[in-house]
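The residues of the chain are indexed from 1 along the displayed sequence.
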Amino acid sequence: MRRILLDECVPRLLARSLQELGVDCEPFPEAWKQVSDSALLERTQTEGFALLLTCDKDLPWQQTLSNKPFGLIVLQPTTGQN
């Protein structure tokens, strides 16, 4: 299974829940705090992640993603109310 990286804005509880289901995912590394979006994408690629989960809805519009060898999913948090 390929690794998934959870962006800084994604709750760490999600990482724990996914890991309990057997998903190979990692919460955002503390050492990467304060990196730019472009640096985050570069590190995601060089560290061999297959997918980046983020809540940053602007990321796909601010960065060039078409040449990246990993997927991106933008989560939309909800308040629990419909």
Side-chain angles (χ1 to χ4, degrees):
M1 181 177 288
R2 301 188 56 187
R3 293 181 356 190
I4 299 171
L5 174 64
L6 278 65
D7 196 358
E8 185 174 14
C9 57
V10 176
R12 289 183 174 270
L13 180 59
L14 180 58
R16 285 193 297 271
S17 297
L18 290 172
Q19 289 167 344
E20 288 175 3
L21 294 172
V23 176
D24 186 7
C25 68
E26 297 179 25
F28 191 81
E30 291 293 323
W32 292 10
K33 290 220 181 250
Q34 304 300 321
V35 299
S36 66
D37 286 344
S38 60
L40 170 62
L41 296 176
E42 182 63 31
R43 290 180 183 189
T44 300
Q45 180 175 340
T46 58
E47 293 291 324
F49 288 98
L51 182 66
L52 172 62
L53 292 180
T54 186
C55 294
D56 183 353
K57 64 181 178 356
D58 296 324
L59 186 76
W61 310 112
Q62 295 171 343
Q63 301 293 320
T64 302
L65 301 171
S66 60
N67 61 344
K68 301 297 182 194
F70 57 85
L72 175 74
I73 294 178
V74 179
L75 302 172
Q76 181 173 347
T78 64
T79 60
Q81 299 174 344
N82 292 334

For residues [X] and [Y], report the shortest heavy-atom separation together with the two atoms involved.
{"X": "C25", "Y": "L18", "value": "SG-CB, 3.6 Å"}
{"X": "P29", "Y": "L5", "value": "CD-CD1, 3.8 Å"}
{"X": "P60", "Y": "V74", "value": "CG-CG2, 3.7 Å"}
{"X": "Q19", "Y": "E26", "value": "NE2-CA, 4.4 Å"}

Got a list of side-chain donor-acceptor pairs under 3.5 Å for residues 39-59, not counting sequence neighbours?
| unit_1 | atom_1 | unit_2 | atom_2 | d |
| --- | --- | --- | --- | --- |
| T44 | OG1 | L40 | O | 2.7 |
| T46 | OG1 | E42 | O | 3.2 |
| T46 | OG1 | R43 | O | 3.4 |
| T54 | OG1 | D7 | OD2 | 2.7 |
| T54 | OG1 | D56 | N | 3.0 |
| D56 | OD1 | D58 | N | 3.1 |
| D56 | OD1 | L59 | N | 3.4 |

L72 side chain near L65 side chain, heavy-atom distance below 4.5 Å:
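Contact flag for L72/L65 side chains = yes.
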
If two hydrophobic side chains count as joined below 4.5 Å and joins carry through other members, does I4 share a cluster with L75?
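Same cluster.
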
For the hydrophobic clusters of this structure (ILVMFWY residues joined by side-chain heavy atoms under 4.5 Å, transitively), does one cluster hold both V23 and L14?
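Yes: a chain of side-chain contacts under 4.5 Å links V23 to L14.
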
Quick check on Q34: does its CD atom have over 12 non-hydrogen neighbours (other residues, nucleotides or ligands) under 6.0 Å away?
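No, CD of Q34 has 12 or fewer neighbouring heavy atoms, counting only those of other groups under 6.0 Å.
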
Quick one: does any side-chain atom of R2 pair with a main-chain N or O of D24 as donor and acceptor, under 3.5 Å?
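Flag not set: sc R2 to bb D24 has no pair under 3.5 Å.
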
